[in-house]
Amino acid sequence: MAYQQEHRFLGLKLENDISRSNVLTFYFACLATIMFASFIPQSQPFLLTEFLNIPPERHGMVSGLLNFWAEIVIIISVAIFGPLSDRFGRRPVTGFGFLVMSAGIALYPHAENVTELLVVRLGYSVGLAAVTTTIVALIADYVRNESRGRATGLQGVMNGVGAMICVFLLLQLPAILQNNGATAQEAGIQTYGLVAIVSFVTGVLMLIGLKPGSSQAEPSEHSESLISITRNGLRAARDPSIALAYGASFVARGNLMIVGTFFTLWVTNYGTAELGMSRAEALARAGMIVGIAQGCALLTAPIFGILADKISRIRALIIALLISAVGYGSTIFITDPFTTGMIICAALIGLGEIGCIITSGVLVAQQAPQSHRGAVIGFFTLSGAVGILVASVAGGYLFDTWRASGPFVFFAGVALLVLCWAIVLEKRLQKRLTPSEQPLTPTGDMPA
């Protein structure tokens, strides 16, 4: 009996060779990945000012440049680490990823110019790519198919907790240390050093707690080559619902990058320039506002998951896109990011961000044909990466040359375009069905 009980944990049905400690280690990896991935871009305004003396009017372009090349490295690295994790196992690749991230985080405040900072960021991105590749595959390895929906929901909760730890603890550290007598640079080095130690310990825990050996499951979507993913993914886009999911992934991942980079940059720059705050104090306040967005995302993630199961997936996506367009577009009216209006925008942005991620994900999972599921989901991920690239370049340019809300307004427009696309597609699919065939469940998104 004990053997049977071991394969049901946290309400999940586990594969036969998976232990409870393997599952706990996996969910800790989910928490830690988002925590570290959020820390680097959100702490960057402090570093650009206090360490590199870059004027605020250049912060947008510099941040966009760093994000752009980091995402290019992630795209390339994911195509390498996918097959490596299938062959040698998730454990060594995941542990390696956290250890490389630890080195990158430790070196980040020691860069003496933007070029050195970019080199360190690219190294860090290699580690992040290794971890995110295995995170995607580990659910398939550890949890049986009938429990993967619940397992993915729990993963989303852990991601939210990791983001909250980042904004309410890690981003507060420079201000706390400065209040205790440290200089700005000492506080920065100590903060990055502490986070690097946590990343190192996490890597060691992965090498101990994850299941050893290579995977016996099907290869992950990241195991195919980029050429194969692109060819088969584009072919699958003949299904208009899959094409829409690709467009929604572009919006969802772009939204995530905009929040992670330009939200913090906007608030910290305004706090120091207009309110006379120290960079550490402004960073702490920015973390609080970002925390509101992430808190809303954390609390409403289960709601969007339930919604996507209760109504058609396209209709659920329409709701998420509408919230996203309103939330991001409303920032055009914000001149002072420390006002109540910004809090309301942050809440809507958090809702739209998580809503687009969840509804686009369930839509593509529903529509992807079994024969090319890996390629379709891989191209879905690639579409999101393109969204990050566009958000990095266009967002950085608009932030510096137009206004601080420029990146948000731009992606509100993108969300609005995809929203119109989704509405037209739903109406077209509805017309193809007779009244008795009108969909009552999410499977109604299947084209006739």
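Quick note: residue numbers are just sequence positions, from 1. Just so you know, these numbers use all the heavy atoms, side chains as well, and skip hydrogens, waters and symmetry mates.
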Colleague: Output all residues satisfying side chain to side chain donor-acceptor pair (under 3.5 Å) with Ser102, sequence neighbours left out; order by chain, then residue number.
Modeller: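 Testing Ser102 for side chain to side chain donor-acceptor pair (under 3.5 Å), a comparison that skips the adjacent residues, returns none.
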Colleague: Compute the centroid of each ring, for Phe379 and then for Tyr246, and state whether the two points are separated by less than 6.0 Å.
Modeller: yes
Colleague: Are Phe39 and Tyr192 close enough that their ring centres sit under 6.0 Å apart?
Modeller: yes
Colleague: Show, in sequence, the C-alpha distance, side-chain angles and deciding distance for Phe36 and Leu128, and conclude whether the side chain to side chain contact (heavy atoms under 4.5 Å, CB included) test is met.
Modeller: CA-CA 9 Å; Phe36 300 135; Leu128 181 61; over 6 Å; no
Colleague: For residues 409-416, dump all side-chain donor-acceptor pairs below 3.5 Å to protein atoms at least two apart in sequence or in another chain.
Modeller:
none

Colleague: Give, for atom CD1 of Ile165 and atom OG of Ser38, the distance between the pair rounded to the nearest 0.5 Å.
Modeller: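 Rounded to the nearest 0.5 Å, the CD1-OG separation comes to 10.5 Å.
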Colleague: First locate atom CG of Leu244, then atom CZ of Arg313, and finally report the distance between them rounded to the nearest 0.5 Å.
Modeller: 13.5 Å
Colleague: Look only at the side chain of Asn22 and the backbone of Gly209, and say whether a donor-acceptor pair between them is shorter than 3.5 Å.
Modeller: yes
Colleague: Side chains of Met257 and Pro407: does their closest heavy-atom pair fall under 4.5 Å?
Modeller: no
Colleague: Would you please name every residue forming a salt bridge (charged side-chain N to carboxylate O under 4.0 Å, His left out) with Arg121, sequence neighbours left out?
Modeller: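 Residues passing salt bridge (charged side-chain N to carboxylate O under 4.0 Å, His left out) with Arg121: none at all.
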Colleague: State which residues pass ring pair (Phe, Tyr, Trp, His ring centres under 6.0 Å) with Phe46; sequence neighbours excluded, sorted by chain then number.
Modeller: none
Colleague: Could you pull out every donor-acceptor pair under 3.5 Å between side chains of residues 281-291 and any protein atom, sequence neighbours left out?
Modeller:
{"residue": "Glu281", "atom": "OE1", "partner": "Ser278", "partner atom": "N", "Å": "3.1"}
{"residue": "Glu281", "atom": "OE1", "partner": "Ser278", "partner atom": "OG", "Å": "3.4"}

Colleague: How would you list, by chain and number, every residue that makes a side chain to side chain donor-acceptor pair (under 3.5 Å) with Thr25, sequence neighbours excluded?
Modeller: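 Result, side chain to side chain donor-acceptor pair (under 3.5 Å) vs Thr25: none returned.
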Colleague: Taking the side chain as C-beta and beyond, is there a heavy-atom pair between Phe338 and Glu274 under 4.5 Å?
Modeller: no
Colleague: Identify the heavy atoms of Glu71 and Ile388 that sit nearest to each other, and give their distance.
Modeller: OE1-CD1, 3.6 Å
Colleague: Taking everything shown except Trp421 itself, do over 12 heavy atoms lie less than 6.0 Å from its CH2?
Modeller: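 Yes.
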Colleague: CD1 of Ile40 to CG of Leu66: how many Å apart, nearest 0.5 Å?
Modeller: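 So the CD1 of Ile40 and the CG of Leu66 are separated by 10.5 Å.
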Colleague: Taking side chain to side chain donor-acceptor pair (under 3.5 Å) as the definition, give me every residue that meets it alongside Gln172, ordered by chain and number, with sequence neighbours left out.
Modeller: none
Colleague: So do the side chains of Phe263 and Gln42 get within less than 4.5 Å of each other, counting heavy atoms only?
Modeller: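 The answer is no; the side chains never approach within 4.5 Å.
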Colleague: Can you name the closest pair of heavy atoms from Phe200 and Leu99 and give their distance?
Modeller: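 Looks like CD1-CD2, 3.5 Å.
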Colleague: Kindly determine whether Ile314 and Leu425 satisfy side chain to side chain contact (heavy atoms under 4.5 Å, CB included), including the steps that lead there.
Modeller: CA-CA 8 Å; Ile314 292 181; Leu425 177 60; 3.8 Å; yes
Colleague: Partners of Val424 by side-chain contact (heavy atoms from CB on, under 4.5 Å), sequence neighbours excluded?
Modeller: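 With neighbours one apart ignored, the set is empty.
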Colleague: Tell me, please, which residues at least two apart from Glu50 pass salt bridge (charged side-chain N to carboxylate O under 4.0 Å, His left out).
Modeller: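 Glu50 satisfies salt bridge (charged side-chain N to carboxylate O under 4.0 Å, His left out) with no other residue.
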Colleague: Taking the six-membered ring for Trp, are Phe408 and Trp266 parallel (under 30°), tilted (30 to 60°) or perpendicular (over 60°)?
Modeller: tilted
Colleague: Can you find a heavy atom in the side chain of Leu117 that is under 4.5 Å from one in the side chain of Leu48?
Modeller: yes
Colleague: To check you understand the geometry: which heavy-atom pair defines the closest contact between Ala37 and Tyr124, and what is its length?
Modeller: CA-OH, 3.3 Å
Colleague: Examine distances only and state if a side-chain atom of His59 and a backbone atom of Leu265 form a donor-acceptor pair shorter than 3.5 Å.
Modeller: no
Colleague: When you measure from the side chain of Thr272 to the backbone of Asn269, do you find a donor-acceptor pair of N or O atoms at a distance under 3.5 Å?
Modeller: yes
Colleague: Scan for side chain to side chain donor-acceptor pair (under 3.5 Å) pairs involving residues 334-361, sequence neighbours excluded, and state none if there are none.
Modeller: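 Matches after skipping sequence neighbours: none remain.
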Colleague: Could you walk me through whether Phe81 and Val126 satisfy the side chain to side chain contact (heavy atoms under 4.5 Å, CB included) test, starting with their C-alpha distance in whole Å, then the side-chain angles of each, then the deciding distance to 0.1 Å, before giving a yes or no?
Modeller: CA-CA 9 Å; Phe81 286 119; Val126 171; 3.9 Å; yes
Colleague: Do you know the tightest heavy-atom contact between Ala196 and Ile105?
Modeller: N-CG2, 3.8 Å
Colleague: At what distance, to the nearest 0.5 angstrom, does CG of Leu138 lie from CE of Met206?
Modeller: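 Answer for the CG-CE pair, Leu138 versus Met206, is 9.5 Å.
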Colleague: Find the distance between OG1 (Thr94) and CG (Leu205) and round it off to the nearest 0.5 Å.
Modeller: 12.5 Å
Colleague: For residues 396-404, which side-chain donor-acceptor pairs fall under 3.5 Å, sequence neighbours excluded?
Modeller:
{"residue": "Asp400", "atom": "OD1", "partner": "Gly60", "partner atom": "N", "Å": "3.0"}
{"residue": "Asp400", "atom": "OD2", "partner": "Gly60", "partner atom": "N", "Å": "3.4"}
{"residue": "Asp400", "atom": "OD2", "partner": "Met61", "partner atom": "N", "Å": "2.7"}
{"residue": "Thr401", "atom": "OG1", "partner": "Tyr397", "partner atom": "O", "Å": "2.6"}
{"residue": "Arg403", "atom": "NE", "partner": "Ser405", "partner atom": "OG", "Å": "3.0"}
{"residue": "Arg403", "atom": "NH2", "partner": "Ile332", "partner atom": "O", "Å": "2.8"}

Colleague: Please round to the nearest 0.5 Å and tell me the distance separating atom CG of Leu317 and atom OG of Ser241.
Modeller: 10.0 Å
Colleague: Do the side chain of Thr134 and the main chain of Arg90 share a donor and acceptor less than 3.5 angstrom apart?
Modeller: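 Judged by distance alone, no pair lies under 3.5 Å.
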Colleague: Taking the side chain as every heavy atom from C-beta outward, state whether Met35 and Val198 have any pair of such atoms under 4.5 Å apart.
Modeller: yes
Colleague: Between Tyr142 and Leu210, does a side chain to side chain contact (heavy atoms under 4.5 Å, CB included) hold up when you go through it step by step?
Modeller: CA-CA 10 Å; Tyr142 284 11; Leu210 294 179; 3.5 Å; yes
Colleague: So do Ser312 and Leu429 actually touch side chain to side chain, heavy atoms under 4.5 Å?
Modeller: no
Colleague: Specify the closest pair of heavy atoms between Val73 and Ser125, including all atoms of both residues, with the distance to one decimal.
Modeller: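 Minimum heavy-atom separation between Val73 and Ser125: CG1-CB, 4.1 Å.
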Colleague: For Ser199 and Phe98, indicate whether the former's side chain and the latter's backbone hold a donor-acceptor pair under 3.5 Å.
Modeller: yes
Colleague: Should Glu426 and Gln430 count as side-chain neighbours, where that means a heavy-atom distance under 4.5 Å?
Modeller: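 They are in side-chain contact.
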Colleague: With a cut-off of 3.5 Å and sequence neighbours excluded, list every side-chain donor-acceptor pair involving residues 319-328.
Modeller:
{"residue": "Ser324", "atom": "OG", "partner": "Asn255", "partner atom": "ND2", "Å": "2.9"}
{"residue": "Tyr328", "atom": "OH", "partner": "Asn255", "partner atom": "O", "Å": "3.2"}

Colleague: On a heavy-atom basis, which atom in Thr133 and which in Ala129 lie closest, and how many Å separate them?
Modeller: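 Scanning both residues, the minimum pair turns out to be OG1-O, 2.7 Å.
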